[in-house]
Number of protein chains: 2
Amino acid sequence: MAVYQHNTRILVALDCIIFGFDGESLKLLLIKRNFEPEYGKWSLMGGFLNDGEDLEEAAGRILYNLTGLRNNYLEQLQTFGTVYRDPVERTISVVYYSLVNIADQDVAAIQAHNASWISLDSKPALIFDHDQMVTVALQRLRYKAALHPIGFELLPSKFTVPQLQKLYEAIYGTQLDRRNFSRKIMATDLLLSTGEKDTNSVTKKGQLYTLNSDRYRKYLDGYYTFLPELAELSGT
Amino acid sequence: MAVYQHNTRILVALDCIIFGFDGESLKLLLIKRNFEPEYGKWSLMGGFLNDGEDLEEAAGRILYNLTGLRNNYLEQLQTFGTVYRDPVERTISVVYYSLVNIADQDVAAIQAHNASWISLDSKPALIFDHDQMVTVALQRLRYKAALHPIGFELLPSKFTVPQLQKLYEAIYGTQLDRRNFSRKIMATDLLLSTGEKDTNSVTKKGQLYTLNSDRYRKYLDGYYTFLPELAELSGT
DNA sequence: CAAAAACGTGTGTTTTTGACACAATTCTAG
DNA sequence: CTAGAATTGTGTCAAAAACACACGTTTTTG
């Protein structure tokens, strides 16, 4: 087999940023490392690209190992490649982010990896450039969720409108008007009524909806400003 | 120096998608290869990541070699990493896209690389997965240009509103209403009047504006729907 | 059974969009 | 040197969307 001459081959890692939502706050699945390097510190879940493995496939494998979940929302975020980002050896890292329904997790797999769900508010410092990765991922999540209905990926298959609103409020760290939010979401025709009510609620039980997946796919292609009030320019 | 054991090191390439605008149509700077592999075929400008070189730095180097330009708009698009994308040897490619003012190019450097500006409409087939890269880049450009004022990067420092409109029409392949477009752009306060007029125009000479760079930077952070009519869902 | 908490729907005002009219500038043809 | 064609600049108005609030309903708790 022919090869390219005179060019350095380097390590290719993958890191996964795994978002979840517990009904109150946005969470990350992080690992307290019980292995080297950086034993004892917190990091993202990661691994190396194998021979004969596509990038997307490798990201899926890493996600599956940790959560037991397949077919989640998984999107390439960005590749990080400054020279000394990994002090052990030069390594570039292709970072993916994933949105999972926290209820579907494989608790045993998570414990086996010494991982836990941490609120973004109380996130510890992470190794290498993983903090920067999380920052970029959160930006991307905010960006995409304002224009595409990907928030549903973080909710159970049946959910109420107020739950969805709490999710958006957690993602953006703001308060939204309940009535306008409801009208906006309903206008998309993305929700299918199940007729059931949320039995977990303490007070009035909200109506449970499921996602209209045909319409969902269409909304992923185009874009729709779900939350115009979030478009505000940061500097003004 | 410690190293990670048992993991394959692979080649990391970079490819650059270089967009330009000639006043009529959106163009790509493509290379007719006079070197192996795939001698004689068309491809993107690319290269390999060097030791001691950041990814962003490498992309900038490749762009500079071809165009003689630095400090252009340069953004990482995505990393392509299916196993057999390069038949010579497994290689992942970190792809960047760049927006350049076509008037600033270094003609000698471009000729030396056997490159030319090709309209997107008449783009030849490219090697490997470069066609797919271009498709993704165009999607990204359309996405970003609808929400951030990055179109200006493709224009000369002084430009008229009709020129800007022609650019948007080329990016999206549609016709826009002149009067509504003007109102929308003016409302952003992004344009600074120079008092001069466009002497190249054949008929009525339009007013030349420059970009208000302070406001420009703010618009890059947040988002603003420059062209709401482009939000239409592809499937409906 | 009264109060508190959360849910669901409605209404009016303001802002933005989208469609279109008209006047002004500049070159060219006769 | 003037009429007409092409293009640029500004304005108007109706419809749609966004925004700010009001009110009634459901359910648990004390």
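In the text below, chain A, chain B and the rest are named by the order of the sequence lines, each starting its count at 1.
- For residues 184-213 of chain B, the salt bridge (charged side-chain N to carboxylate O under 4.0 Å, His left out) pairs, not counting sequence neighbours, are B:Lys158-B:Glu196.
- Applying the salt bridge (Lys or Arg N to Asp or Glu O under 4.0 Å) criterion to A:Asp22, with sequence neighbours excluded, gives A:Lys27.
- Scanning for ring pair (Phe, Tyr, Trp, His ring centres under 6.0 Å) contacts around A:His113 gives an empty result, with sequence neighbours left out.
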Short N/O separations, protein against nucleotides 4-6 of chain C, under 3.5 angstrom:
from: C:dA6; atom 1: O4'; to: A:Thr203; atom 2: OG1; distance (Å): 2.8

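- The stretch residues 147-156 of chain B has no heavy atom under 4.0 Å from DNA chain D, so no residue of it qualifies as close.
- Every ring pair (Phe, Tyr, Trp, His ring centres under 6.0 Å) that A:Tyr168 has, sequence neighbours left out, goes to A:Phe181.
- In this view, A:Lys144 and A:Glu75 satisfy the salt bridge (Lys or Arg N to Asp or Glu O under 4.0 Å) rule, not counting sequence neighbours.
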Polar atoms only, N or O, under 3.5 Å: list the protein pairs with nucleotides 18-20 of chain C and their distances.
from: C:dG18; atom 1: N7; to: B:Asn180; atom 2: OD1; distance (Å): 3.4
from: C:dG18; atom 1: N7; to: B:Arg183; atom 2: NH2; distance (Å): 2.9
from: C:dG18; atom 1: O6; to: B:Arg183; atom 2: NH2; distance (Å): 2.9
from: C:dA19; atom 1: N7; to: B:Asn180; atom 2: OD1; distance (Å): 3.4
from: C:dA19; atom 1: N7; to: B:Asn180; atom 2: ND2; distance (Å): 3.0
from: C:dA19; atom 1: N6; to: B:Asn180; atom 2: OD1; distance (Å): 3.2
from: C:dC20; atom 1: N4; to: B:Arg179; atom 2: NE; distance (Å): 3.2

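- Applying the salt bridge (Lys or Arg N to Asp or Glu O under 4.0 Å) rule to B:Lys41 yields the partners B:Glu38; only residues at least two apart in sequence or on another chain are considered.
- By the salt bridge (Lys or Arg N to Asp or Glu O under 4.0 Å) test, A:Lys32 is found to be paired with no residue, residues two or more places apart in sequence or in another chain being considered.
- Taking A:Trp117 as the reference, A:Gln105 meet the side-chain hydrogen bond (donor to acceptor under 3.5 Å, both in side chains) condition, with sequence neighbours excluded.
- Base pairing of D:dG4 is made with C:dC27, judged by Watson-Crick or G-U wobble geometry with both donor-acceptor distances under 3.5 Å.
- Using bins of under 30°, 30° to 60° and over 60° for the plane-to-plane angle, the ring pair B:Tyr223/A:Tyr143 lands in the perpendicular bin.
- With rounding to whole Å, B:Ile185 atom CD1 is found 13 Å from D:dG9 atom P.
- Under the ring pair (Phe, Tyr, Trp, His ring centres under 6.0 Å) criterion, B:Phe159 pairs with B:Phe152, not counting sequence neighbours.
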